[in-house]
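Below, all heavy atoms of this structure are taken into account, side chains as well, without hydrogens, waters or symmetry copies. Order of the sequence lines fixes the chain letters, A, B, ..., with proteins taken first and strands second; residue numbering starts at 1 for each chain.
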Amino acid sequence: MGIQGLTKLLGDAAPGCMKEQKFENYFGRKIAVDASMHIYAFLVVVGRQGDQMLTSETGEVTSHLQGMFFRTVRMLEAGMKPVFVFEGKAPELKREELAKRSNRREDANTELEAAKEAGNAEDVEKYSKRTVRVTREHNEECKRLLRLMGVPVLEAPSEAEAQCAQLCKDGLVYGISTEDMDSLTFGTPKLIRHLMAPSSQKPLAMEFDHELVLKELELTEDQFIDLCILCGCDYTAKISGIGAVRALSLIKKHGSIEGVLAALDSKKYQIPEPFPYQEARRLFKEPDVVKGDQIPQLKWTSPDTEGLIDFLVKEKTFAEDRIRKAVERINAAKGKASQGRLESFFGPAKVVSSTMGKRKEVPVAAKGKKGSSGAAPKKGKLGGMGKKK
DNA sequence: TCTCTGACATTAGACGGG
DNA sequence: CCCCGTCC
DNA sequence: ACCTAATGTCAGAG
């Protein structure tokens, strides 16, 4: 569920923490991605007709592979270096939330049966989407695919978003690409939304800067975490009647959840029972993650063409020429990337730190503010000037 | 009147030929 | 460039 | 057996 109403709150109360970015700005950058969210979306939408999905000859679902493969190709082609992080064990506090989701799936299942019975195609599609579940198998197949593509895969001990945030804190990636605002609560220095949105029509990528969030809201990091808990997170129930706006003003006035609780009119506002906000706080502040030297080295290598053919074509019935063409695209992009690396000028190598020679991903020095919007779209990549203001 | 919350519903990819 | 059928 | 989330709409309380 993320943090309820946080995006809107930041837009209203901390507009300076978000900045639109052009797609090209991510050339050469390392980006962490939460894999499970992508897999879920692919299963819901890729190749779906009614309750049918893409499948191999033997009837196994392949929608997640189709989606993951081509999206990753797009990222690599754009010069990005993605690292995919897979979900580990959910924290105990999330159990309740997960149980709710599971129940909703079951309801959808009965609705689905009814719709099939009635021959209502529209409802069959609607409810079958809601029954989607990411299995261990889906995850394992995606890991195998990514490794064959030469893209690093990381297994999180627990929450993937927390692990992504840690990668960014440790300077191993520039930012994390996600739609989930939880990542900011976990303290990622940089969060990127809409990164993979298609060039036309959709909004530009939007970067959220953690430091600026705190600055604009005039909160400490601890207070920001408390704010997020009050807004509504996966770990505790909400106080009915307190949404994002009131939560912010309460935290500002009283400094912490303890302060807020002490001052709240208990007749007007019911505190949920139990309300393990301290535990939730700990999960955000010190989540179960691998950090620093413990993180395996992230390596981006050339795709294993024949391995991909064996997997996708021989096992999963993909069209061989499509796969070969896509691998070509990757190789072409890699050539360009190693040739024209800006990074060799501005890049990571410069930063000397105490972290045992680990490389740091550093933001490219700020270019002119927003001066030349006519910066020669070389290949007409961005067709229309999005009707920006 | 206006702001805010909460419940409920909806949406969610990418390619390539025409 | 957009639309829409297809990907497996 | 097991892990996704945001956004939009609207009624009604304060």
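Proximity note for Arg322(A) (side chain, C-beta onward) versus dC2(D), dG13(B), dC7(C): the nearest is dC7(C). Here dC8(C) is the nucleotide among dC2(D), dC8(C), dG16(B) with the atom lying nearest to any side-chain atom of Thr317(A). The side chain of Arg130(A) lies closest to dT10(B), out of dC8(C), dT5(B), dT10(B). Each of dA5(D), dA14(B), dC8(C) was ranked by its minimum atom distance to the side chain of Arg71(A); first place goes to dA14(B). Proximity note for Val245(A) (side chain, C-beta onward) versus dA5(D), dT5(B), dC8(C): the nearest is dT5(B). Closest to the side chain of Thr7(A), out of dT7(D), dC2(D), dC8(C), is dT7(D). For Arg329(A), taking side-chain heavy atoms from C-beta onward, the closest of the listed nucleotides dA5(D), dC15(B), dT10(B) is dC15(B). Here the nucleotide nearest the side chain of Val45(A), chosen from dT10(B), dA12(B), dT4(D), is dA12(B).
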Evaluate the side-chain hydrogen bond (donor to acceptor under 3.5 Å, both in side chains) criterion for residues Thr178(A) and Glu161(A): first the C-alpha distance (whole Å), next the side-chain angles of each, then the deciding distance (0.1 Å), finally the verdict.
-> CA-CA 8 Å; Thr178(A) 182; Glu161(A) 295 290 344; 3.0 Å; yes
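Note on Asp34(A): nothing from the nucleic acid sits closer than 4.0 angstrom, heavy atoms only. Within the nucleic acid shown, Ile39(A) has no heavy atom closer than 4.0 Å to any nucleic acid atom. Across all strands shown, Ser36(A) has heavy atoms under 4.0 Å from base atoms, whether or not it also approaches the sugar-phosphate. Nucleic acid contact class of Asp12(A) (heavy atoms, under 4.0 Å, all strands): none. As judged by a 4.0 angstrom heavy-atom cut-off over every strand, Ala160(A) is placed among residues making no nucleic acid contact.
For Glu207(A) and Arg193(A), the salt-bridge test fails: no basic side-chain N is under 4.0 Å from an acidic carboxylate O. Looking at Arg282(A) and Glu279(A), a side-chain N of the basic residue comes within less than 4.0 Å of a carboxylate O on the acidic one, giving a salt bridge. Electrostatic pairing of Lys8(A) and Asp12(A) counts as a salt bridge here, judged by a charged N lying under 4.0 Å from a carboxylate O. Glu221(A) and Lys285(A) are not joined by a salt bridge, as no carboxylate oxygen comes within less than 4.0 angstrom of a charged side-chain nitrogen. Using a cutoff of 4.0 Å between basic side-chain nitrogens and carboxylate oxygens, Arg101(A) and Glu106(A) are not scored as salt-bridged. Between Lys143(A) and Glu140(A) a salt bridge is recorded (basic side-chain N to carboxylate O distance below 4.0 Å).
Both distances falling under 3.5 Å, in either a Watson-Crick or a G-U wobble arrangement, place dG13(B) opposite dC7(C).
Comparing the same atom, C1', in dG18(B) and in dC8(C) gives a spacing of 23 Å after rounding to whole Å. Straight-line distance between the P atoms of dA5(D) and dG16(B): roughly 32 Å, to the nearest whole Å. Comparing the same atom, C1', in dT7(D) and in dA14(B) gives a spacing of 23 Å after rounding to whole Å. Distance check on atom P: dA12(B) versus dC4(C) gives 16 Å, rounded to whole Å. When the C1' atom is compared between dT10(B) and dT6(C), the two are found 25 Å apart, to the nearest whole Å.
Both Arg193(A) and Ser102(A) lie near DNA chain D, and the one whose nearest nucleotide falls closer to the 5' end is Ser102(A). Both Ile242(A) and Gly47(A) sit near DNA chain B, but only Ile242(A) has its closest nucleotide nearer the 5' end. Comparing Gln4(A) and Gln66(A) by the nucleotide of DNA chain B that holds the closest heavy atom to each, the one mapping nearer the 5' end is Gln4(A).
Across the protein-nucleic acid pair, Lys94(A) atom NZ and dA1(D) atom P stand 20 Å apart, rounded to whole Å. Residue Ile3(A) contributes atom CD1, which lies 13 Å from atom P of dT7(D) at whole-angstrom precision. Between the C1' atom of dA1(D) and the NE2 atom of His138(A) lies a distance of 14 Å, rounded to the nearest Å. The distance between atom CE of Met206(A) and atom C1' of dA6(D), rounded to the nearest whole Å, is 14 Å. Computed from coordinates, the Lys8(A) NZ to dA6(D) P distance equals 15 Å when rounded to whole Å. Atom CZ of Arg48(A) and atom P of dA12(B) are 12 Å apart (whole Å). To the nearest angstrom, C1' of dC8(C) lies 11 Å from CZ of Phe70(A). Here the P atom of nucleotide dA13(D) and the OH atom of Tyr269(A) are 15 Å apart, to the nearest Å.
A close approach under 4.0 Å does not occur between any side-chain nitrogen or oxygen of Ser240(A) and OP1 or OP2 of dT5(B). Considering only side-chain N and O atoms, Arg133(A) lies under 4.0 angstrom from the phosphate OP1 or OP2 of dC2(D). Checking the phosphate oxygens (OP1, OP2) of dG16(B), a side-chain nitrogen or oxygen of Lys325(A) falls inside 4.0 Å. In this structure, Lys238(A) reaches the dG6(B) phosphate: one of its side-chain N or O atoms is under 4.0 Å from OP1 or OP2.
Between Phe284(A) and Tyr235(A), the two ring planes are tilted [angle within 30° to 60°].
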